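See below for the structure under consideration.
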There are 2 protein chains.
Amino acid sequence: MVKAFVTSVDVAQRAGVSRSAVSRTFTEGASVSPEVRRKVLQAAQELGYRVNRLAQGLNNSSSNLVGVVGANLSLPFMAKQLDMLSIGLLRRGLQCLLLNAADARSDIAPLIELIFEFRARAIVVLSGEPPMSIVDECLANGVKLIVINRQLARSDTDIILSDDIAGATLAAERLKAAGCRKVAVVTSGSGTPTQLRRCKAFSDVMTAAGTDIVVWHDGPTTYETGLKAARELLSDRQIDGAFCVTDIMAIGFLDGARNDMGRRVPEDLSVIGFDDIPQASWRSYELTTISQSFEVLTEAVLAALDHELGQSVITNVPVALIERSTVRR
Amino acid sequence: MVKAFVTSVDVAQRAGVSRSAVSRTFTEGASVSPEVRRKVLQAAQELGYRVNRLAQGLNNSSSNLVGVVGANLSLPFMAKQLDMLSIGLLRRGLQCLLLNAADARSDIAPLIELIFEFRARAIVVLSGEPPMSIVDECLANGVKLIVINRQLARSDTDIILSDDIAGATLAAERLKAAGCRKVAVVTSGSGTPTQLRRCKAFSDVMTAAGTDIVVWHDGPTTYETGLKAARELLSDRQIDGAFCVTDIMAIGFLDGARNDMGRRVPEDLSVIGFDDIPQASWRSYELTTISQSFEVLTEAVLAALDHELGQSVITNVPVALIERSTVRR
DNA sequence: TTGAAAGCGCTAACAA
DNA sequence: TTGTTAGCGCTTTCAA
């Protein structure tokens, strides 16, 4: 019943040539006569032959798989990133081996090991932080490692960072310009480096300006966390501004502020987010936020694939203030 | 610089045993003495050895990759599905080879071919429809094919279908109960089978009940399409109910109805969606909708992986009415 | 340009 | 329980 796949031997036989000839017709820039090529192609077509990439990879001792490790793929920010990345990889003739970490706080080391076992050409870490031992291993084995939004303390890995400092500063300036007197900073309890950086940069600017700030952190990076933050923070009637370090929390916060805590936004309260996820522009939110260009981010990852191994390129993804309607003008 | 990966020979040498011994210690349920096992494990550890899955797959002439083809991964419904599926696969010791079709209307055949080349064990089609020739090829080569929300005209493929008819009927009944007199059906212009089925079932019930209906279809399955539908349809003041065949369009429709067309929901207009995506429960929407259990759907896919080849199991994912607050009570 | 032959790293059948 | 041997399907020298 289950017949095996057609192999190059089958094709060679049918075409009346050697296996090498078959291999060559399917290898970019190998020397084959048009005649042989034609015969092979036809035989392959008739037999339904497809190259076995496992065998191919065994030879080159590297596949053209790229391992992608992520978590919380259903959160808009992640989903968008993965969407664009997987398309970009495919376009470059690379395949995406997706390892989903199930949980933002789970250890991604075993997933990366798995990627090694497939002799992937590169590993992209969208979420979580690879242990140093693994960074070393990548280097030793010629596997390109690309880490997004984690600042590793070493100089031999490609790192792609959203410009958190600039973004948070932009947010702070905007809230100052709106005349806010007491400002809340909302972040998750998970304390990812990105969130920490945004939080700190924002606080620094505000403190320097003498603006009263209160930092709130708890729970995962979700809509519900934002909602909860609003409910807990906004009993304080003095708070007239909020910076939520991710849009998904900002949206929850907005909903809590308006629906549960009776605030008018932006009249009573100015809210600003970060990331510019698709939902931020929805009519019910029209969230003023700091955008990171998903295009630039994706391009940076793809470009990093070609960088020489062991050399570190730190790419800062530029940010911009997207003025919509949740901050008083 | 780039030293090759450690092989089983290296480990064997270091442990002072044969290559088979190494292979066996890494093979479930093979017979190795504890002594040998220990030595091998230690040597492997010291050398940083990891099995080469390409070579492994070459032997078994099948990897434990599962190819997943999708499109529009950043749409909430897709993202959620992929999130759960990729976690489920990993848990079962399967790896996910992700091929993103870039565009809902693009041909997925080349992507499936790619999956063949990796000798994947199974192919899951989340989006798009595989041509018949490929279905045959899967069967011939022992690759399990699992198709979601497409009704293929054959009886040798696993198919997982949301119970669109039941869901659309539920929606129709609910709108009837709300006393709607003239009802809009909003669907995309792409006419996927799922959307067509929902549309038709809903229309059938409404027509039978003598309720006035108007069907609107245009554009892709997005928030913007829903928004556009509201703007175009709601100049008609008689429309007092709407069934949007996916939540993402329902949310856009809701925003358009309230913000652009000045309708109160549910007082002036009842709206019902389908899918129960995470955003449907956000405070700004509280969308009444038909839920499909993502858990059941994912479980069905995973279960299908174990089904015998060439046998067709059609799984209907049950639906339920989720009563929130966009339909008059 | 072509074919023969060796080898990529592993597993499995066979003997010991 | 172990080691030896023969492939898995491909690419890549090396000669011809």
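To find a chain, count down the sequence lines: A is the first, B the second, and so on, and within it residues start at 1. Since we're looking at a predicted model, the values are computed, not measured.
The phosphate of C/dG9 has neither OP1 nor OP2 within less than 4.0 Å of any side-chain N or O from B/T7. Using a 4.0 Å cut-off, some side-chain N or O of A/S8 falls inside it from OP1 or OP2 of D/dC10. Taking only side-chain nitrogens and oxygens, A/S31 comes nearer than 4.0 Å to OP1 or OP2 of C/dT1. Between B/S33 and D/dT2, a side-chain N or O to OP1/OP2 separation shorter than 4.0 Å is present. Phosphate contact (OP1/OP2 of C/dC10, side-chain N/O of B/Q56, threshold under 4.0 Å): absent.
Across the interface with DNA chain D, nearest-nucleotide mapping of B/R119 and B/E35 shows B/E35 to be the residue nearer the 5′ end. Both B/R24 and B/A55 lie close to DNA chain C; mapped to their nearest nucleotides by heavy-atom distance, the more 5′-ward contact belongs to B/A55. Comparing B/L58 and B/A21 by the nucleotide of DNA chain D that holds the closest heavy atom to each, the one mapping nearer the 5' end is B/A21.
The distance from atom CG of A/N60 to atom P of D/dT13 is 11 Å, rounded to the nearest whole Å. Going from atom CD of B/E117 over to atom P of D/dC8 covers 20 Å, rounded to whole Å. Here C/dA12 presents its C1' atom at 12 Å from CZ of B/R19, a figure rounded to the nearest Å. As a whole-Å value, the separation of A/N141 CG from C/dG9 C1' is 14 Å. Whole-Å rounding puts the A/L54 CG to D/dG7 P distance at 20 Å. Distance, A/R53 CZ to D/dC8 C1': 18 Å, rounded to whole Å. To the nearest angstrom, P of C/dC10 lies 10 Å from CG of B/N59. Atom OH in A/Y49 sits about 7 Å away from atom C1' in D/dG9, given to the nearest Å.
A/V22 comes within 4.0 angstrom of no nucleic acid atom, judged by non-hydrogen atoms across all strands.
Ring centroid separation for the pair A/Y49 and A/F26 comes in under the 6.0 Å cut-off.
Of the candidate nucleotides C/dT2, D/dT11, C/dC10, C/dC10 has the atom lying nearest to any side-chain atom of B/N52. Between C/dT2, D/dT12, C/dC8, one nucleotide has an atom nearer to the side chain of A/V36 than all others, and that is C/dT2. Here the nucleotide nearest the side chain of A/S20, chosen from D/dG3, D/dC10, C/dA4, is C/dA4.
For the residue pair A/Q292 and A/D275, a side-chain donor N or O sits within less than 3.5 Å of a side-chain acceptor on the partner. B/D83 and A/N100 form a side-chain donor-acceptor contact under 3.5 Å, judged by distance and modelled atom types alone.
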Q: Take A/Q81 and A/T298 through the side chain to side chain donor-acceptor pair (under 3.5 Å) test and state the conclusion after the steps.
A: CA-CA 7 Å; A/Q81 242 179 261; A/T298 305; over 6 Å; no
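Residue A/L89 is tested with A/L65, A/V301, A/V68 for a side chain to side chain contact (heavy atoms under 4.5 Å, CB included); the sole match is A/V68.
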